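Below is one structure, written out as structure tokens, with a few remarks after it.
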Amino acid sequence: MHSVGYRANALLTFAVTILALMCGMASLSDNFNSPFPSAQVQVLNINWFQKQPNANDEISMTLNISADLQSLFTWNTKQVFVFLAAEYETPKHSLNQISLWDGIIPSKEHAKFWIHTSNKYRFIDQGSNLRGKEYNLTVHWHVMPKTGKMFADKIVMPGFRLPEEYR
């Protein structure tokens, strides 16, 4: 006869093995999901575009952000982190990214949204590189699963231009 401790150990080992297999299957099942998110951003107004005393450019803008990220949610999705970034090139750096807005979407019910806002974070460039500059607005998202690996993707919206003069 086996002791109580031996039987408890065998039962616990079996339970942990089954739990690990279920977590692995849950993680693999996300590979079969084909999300089709959509997003649109409108720049309604450049509130101000100024040169700071330390010679950096600073911009404040009013935005309309709408997105439908419901297809990112599966039964294994815990939450989705989403943010809007301005991306542009300067002579010094081929890619500059500035986060303008972010949010955490806790459930599928909150994943279809429309927001009218000013940039949440300061849009500052070190130097005087932004006058007349073309930039892209990019909606990035990171899907955080209950188990398995995180994945990220983005939608790039090109064709935005800053004013030629400070105001």
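Values reported hereafter were calculated over all heavy atoms of this structure, with side chains retained and with hydrogens, waters and symmetry mates removed. Everything numeric here is computed off the predicted structure, so don't read it as measured data.
- Applying the salt bridge (charged side-chain N to carboxylate O under 4.0 Å, His left out) test to Asp68 and every residue at least two apart in sequence or in another chain returns nothing.
- Qualifying side-chain hydrogen bond (donor to acceptor under 3.5 Å, both in side chains) partners for Lys51, counting only residues two or more places apart in sequence or in other chains: Ser128.
- Separating the CH2 atom in Trp141 from the CG atom in Leu72 is a distance of 6.0 Å, to the nearest 0.5 Å.
- By the 6.0 Å contact criterion, NE2 on His110 is open, its count of non-hydrogen atoms from other residues, nucleotides or ligands being 12 or less.
- Residues Ser60 and Asn119 have side chains in contact (heavy-atom distance under 4.5 Å, counting atoms from C-beta outward).
- Salt bridge present: Glu58 and Arg122 bring a charged side-chain N and a carboxylate O closer than 4.0 Å.
- Between Tyr121 and Ile98 there is no side-chain heavy-atom pair separated by less than 4.5 Å.
- Under the ring pair (Phe, Tyr, Trp, His ring centres under 6.0 Å) criterion, the residue pairs touching residues 36-79 are Phe49-Tyr166, with sequence neighbours excluded.
- If you chain together hydrophobic residues whose side chains sit under 4.5 Å apart, Phe81 and Leu69 never meet in one group.
- Contact check for Arg131 versus Pro163: no side-chain heavy atoms found under the 4.5 Å cut-off.
- Nearest heavy-atom pair across Gly132 and Glu164 is CA-OE2, 3.5 Å.
- The distance from atom NZ of Lys112 to atom OG of Ser38, rounded to the nearest 0.5 Å, is 7.5 Å.
- The shortest side-chain heavy-atom distance between Pro91 and Asn129 falls under the 4.5 Å cut-off.
- Taking a 6.0 Å sphere around CD of Gln97, one finds it holds more than 12 heavy atoms contributed by other residues, nucleotides or ligands.
- For the pair Asp102/Val82, no side-chain contact is recorded, criterion being any heavy-atom separation below 4.5 Å from C-beta on.
- A donor atom on one side chain and an acceptor atom on the other are not found under 3.5 Å apart for Ser94 and Glu89.
- In this structure, Ile104 and Val80 have side chains that are not in contact, with every pair of non-hydrogen atoms separated by 4.5 Å or more.
- Residues His93 and Thr90 have side chains that never bring a donor and an acceptor to within less than 3.5 angstrom of each other.
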side-chain hydrogen bond (donor to acceptor under 3.5 Å, both in side chains), that's the test. Do Thr62 and Asn47 meet it? Break it down for me. CA-CA 7 Å; Thr62 303; Asn47 301 327; 2.9 Å; yes

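- Judged by distance alone, with hydrogens and angles left aside, the side-chain atoms of Asn136 form no donor-acceptor pair with the main-chain N or O of Ala86 at under 3.5 Å.
- Between Arg7 and Asn9 the shortest side-chain heavy-atom distance does not fall below 4.5 Å.
- Within the model, atoms OG1 of Thr147 and CE of Met22 stand 10.5 Å from one another, a figure rounded to the nearest 0.5 Å.
- Between the side chain of Thr77 and the backbone N or O of Gln79 there is no donor-acceptor pair closer than 3.5 Å.
- Under 4.0 Å is where a charged nitrogen must lie from a carboxylate oxygen, and between Arg161 and Glu134 at least one such pair does.
- Below 30°, between 30° and 60°, or above 60°: for Tyr135 and Phe123 the angle between ring planes is above 60°, a perpendicular geometry.
- Note that CG of Asp125 and CG of Leu162 are 9.5 Å apart. Values are rounded to the nearest 0.5 Å.
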CA sep, side-chain torsions, deciding dist, call: Thr138, Leu84, side-chain contact (heavy atoms from CB on, under 4.5 Å): CA-CA 6 Å; Thr138 305; Leu84 176 69; 5.9 Å; no

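- Put simply, CD on Gln40 and CH2 on Trp114 are 12.0 Å apart, with the number rounded to the nearest 0.5 Å.
- Criterion: ILVMFWY side-chain heavy atoms under 4.5 Å apart, direct or through other members. Under it, Val139 and Phe113 are part of a common hydrophobic cluster.
- Ring geometry, His140 versus Phe83: the interplanar angle falls under 30°, so the pair is classed parallel (tilted spans 30 to 60°).
- By the 4.5 Å heavy-atom criterion applied to side chains, Ile115 and Leu63 are not counted as neighbours.
- Distance alone, capped at 3.5 Å, is enough to place a donor-acceptor pair between the Asp57 side chain and the Leu130 backbone.
- Pro37 and Pro35 get closest at one heavy-atom pair: CD-C, 3.4 Å.
- Here Lys78 contributes atom NZ and Ser107 contributes atom OG; the two are 13.5 Å apart, rounded to the nearest 0.5 Å.
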Checking side-chain contact (heavy atoms from CB on, under 4.5 Å) for the pair Ile59/Ile124: CA distance, chi angles, key distance, verdict? CA-CA 7 Å; Ile59 301 163; Ile124 297 176; over 6 Å; no

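- Connection of Ile46 to Val41 is established within a shared hydrophobic cluster, with ILVMFWY side chains joined at heavy-atom distances below 4.5 Å, either directly or through further cluster members.
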